[in-house]
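First comes the structure, then the notes that go with it.
Per chain, numbering begins at 1; letters A, B, ... match sequence-line order.
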Amino acid sequence: MVKEIHEDDLQQRLRADDKSALELVYKSYKSEFLNYSKRFQINTNETLDIYQDAVIAMYQNFTVKKLELKDSSVKTYLFGIGKHKIYNVLKKSNKHLKIVNEVEDFEEIKVDADDLNYYQKQLSELLKNISDSCKELLRLYYYRNLTVSEIVEHTNYKDANTVKSHKSRCMKRLKSMVRS
Amino acid sequence: MKKEDLIQKYFKEVLTPQEEKEFSSLLENDSDFKLEFEEYSNLQKAFKINEADELKDFLKNIEASEADIALPWYKKQYIYYVAAAVLVIGLCIPMLMKPSSSDLYNSYFEIYPNVEQPVVRGDNDNASNNVFQAYESNNFEKSSEGFKALLEKETNPNFRFYYAMSLLNSQKYDEALSELNVLESLEFDYIAETLWYSALISIKKEQFESAKSYLQILDNSNSSFKSKERKVLLKKL
């Protein structure tokens with residue numbers, strides 16, 4: 001299965017927020033990652049959770065930042081993030097120092113922490129309750145970082161002005177929800 | 001370049017060195033730009049967390065369906081539900097097909113009323129009157145003794161029937177049945193009742209074949225006593 005993955009094609013699908021590509025990556029490297037994580041003094045129950053979080057962080061970097069890996073493969077990138085996540089878990093249990101210099105296979109790739117401040121938490125809840133059309137439009141713009149013209153390309157909006165006016169209405173609505 | 005494009009490029013991490021300079025300068029000097037940037041950043045973080053939660057559910061679902069496929073049939077979780085359902089159905093079928101003997105007995109049994117001798121209150125001189133009065137008052141211990149004493153003086157099948165009923169109402173099933181057995185071959189007022197109660201006692205004793213034969217004899221008679229009930233009961237046996 002792994003051999004069948006065409007790297008460029010896969011990366012392109014990941015950038016395009018293609019869930020089937022996510023599933024392919026998840027299934028292809030799971031057993032290898034779980035095996036890899038055995039060398040760390042880490043609870044095996046945690047490794048699947050770590051793997052899932054690493055896959056999500058990798059996927060989000062593709063969909064949000066339009067990541068293009070030139071000198072590395074999706075797998076190497078994923079394992080780098082996975083290693084970072086394992087280290088974070090080990091740090092919390094004070095085991096990090098024991099193994100930090102022992103494993104030099106994958107380069108650790110740091111990913112953004114997911115901590116939200118109070119206002120961001122409030123926004124996160126409000127975004128779940130806003131209308132579907134607003135949620136999707138704001139998601140494409142603020143999360144996927146698509147430009148207005150790219151949004152017109154990917155959706156049924158007839159032109160850029162319609163996108164802009166809808167976006168502006170959605171933002172007003174969201175701000176009024178924040179205030180209320 | 002438009003400000004909004006600059007901000008999007010920043011988040012996509014594709015700013016050229018020159019654009020980076022422009023971006024930093026605007027962030028420092030343009031308060032509107034700074035506000036717009038912060039708003040973008042807040043929304044992106046909020047979306048990112050929500051999306052991560054949804055993606056986690058997506059992966060968990062993959063995991064759950066893979067685990068289900070990988071398990072041999074006897075380890076699949078639903079097998080417990082199937083087993084439980086089979087057990088429940090298995091327990092229910094005999095109950096539906098054949099109710100327990102006690103349940104059957106209880107659902108059909110009722111105390112046979114005194115239709116033989118209307119009690120005359122205050123007529124204490126009449127011995128049988130006192131016995132039937134005891135029977136009517138559900139004092140079956142007393143009525144049993146009374147009918148037994150009456151039978152010693154007089155072989156009256158009607159008294160024997162009420163003697164049997166008194167025993168039956170005192171849950172003395174075997175004794176009641178043996179008294180009824182004496183009456184079975186007789187032509188008297190309560191022959192249909194005798195067969196009916198003999199059948200019920202047989203059911204209680206789980207002697208279903210003999211219960212059936214009592215009911216069949218009753219069916220062949222011209223009696224209309226419990227005609228509906230005995231047909232239904234026959235079908236259940």
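The contact between B/K60 and chain A is made by backbone and side chain atoms together, counting heavy-atom distances below 4.5 Å. Contacts of A/L67 with chain B are absent, with no heavy-atom separation under 4.5 Å from either backbone or side chain. Proximity to chain A is limited to the side chain of B/I62, based on heavy atoms less than 4.5 angstrom apart. Proximity to chain A involves both the backbone and the side chain of B/E51, based on heavy atoms less than 4.5 angstrom apart.
Taking 4.5 Å as the heavy-atom cut-off, the residues of residues 143-151 of chain A that approach chain B are A/Y143, A/N145, A/L146, A/T147, A/V148, A/E150, ordered by number. Inspection of non-hydrogen atoms places no residue of residues 27-37 of chain B under 4.5 Å from chain A.
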Self-check item: Test side chain to side chain contact (heavy atoms under 4.5 Å, CB included) applied to B/E63 and A/K27, step by step
Solution: CA-CA 9 Å; B/E63 203 55 47; A/K27 287 181 175 175; over 6 Å; no
Practice problem: Evaluate side chain to side chain contact (heavy atoms under 4.5 Å, CB included) for B/F47 paired with A/K135, printing each intermediate quantity in order. | Solution: CA-CA 9 Å; B/F47 265 119; A/K135 196 193 316 184; 4.2 Å; yes
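One finds the CD1 atom of B/I49 at 7.0 Å from the OG atom of A/S124 (value rounded to the nearest 0.5 Å). Taking CD of A/Q60 as the reference point, atom CG of B/L55 lies at 5.5 Å (rounded to 0.5 Å).
Within the 4.5 Å cutoff, no side-chain heavy atoms of B/F11 are placed close to those of A/K65. Counting only heavy atoms from C-beta outward, the side chains of B/K45 and A/D115 never approach each other to under 4.5 Å. You'll find the side chain of A/D49 reaches within 4.5 Å of the side chain of B/K56, heavy atoms only. Contact check for A/L127 versus B/L43: side-chain heavy atoms found under the 4.5 Å cut-off. Residues A/Q120 and B/K48 fail the side-chain proximity criterion, which asks for heavy atoms closer than 4.5 Å. Contact of the A/L116 side chain with the B/N42 side chain is not registered, since no non-hydrogen atoms from C-beta on lie closer than 4.5 Å.
Most heavy-atom pairs under 4.5 Å with chain B, from the set A/Q122, A/K19, A/E125, A/K66: that is A/K19. Ranking A/L48, A/L126, A/N117 against chain B, the residue ahead of the rest is A/L48, based on heavy-atom pairs under 4.5 Å.
Ring centroid separation for the pair B/Y40 and A/Y141 comes in under the 6.0 Å cut-off.
No more than 12 heavy atoms of other residues, nucleotides or ligands lie within 6.0 Å of CD in A/Q12, so this atom counts as exposed by the packing criterion. Heavy atoms from other residues, nucleotides or ligands lying under 6.0 Å from OH of A/Y77 number more than 12. In B/K148, the NZ atom is not crowded: 12 or fewer heavy atoms of neighbouring residues, nucleotides or ligands sit closer than 6.0 Å.
Salt bridge A/K167/B/E4: absent, no basic N to carboxylate O contact under 4.0 Å.
Closest approach of B/A46 to A/L123, counting heavy atoms only: CB-CB, 3.8 Å.
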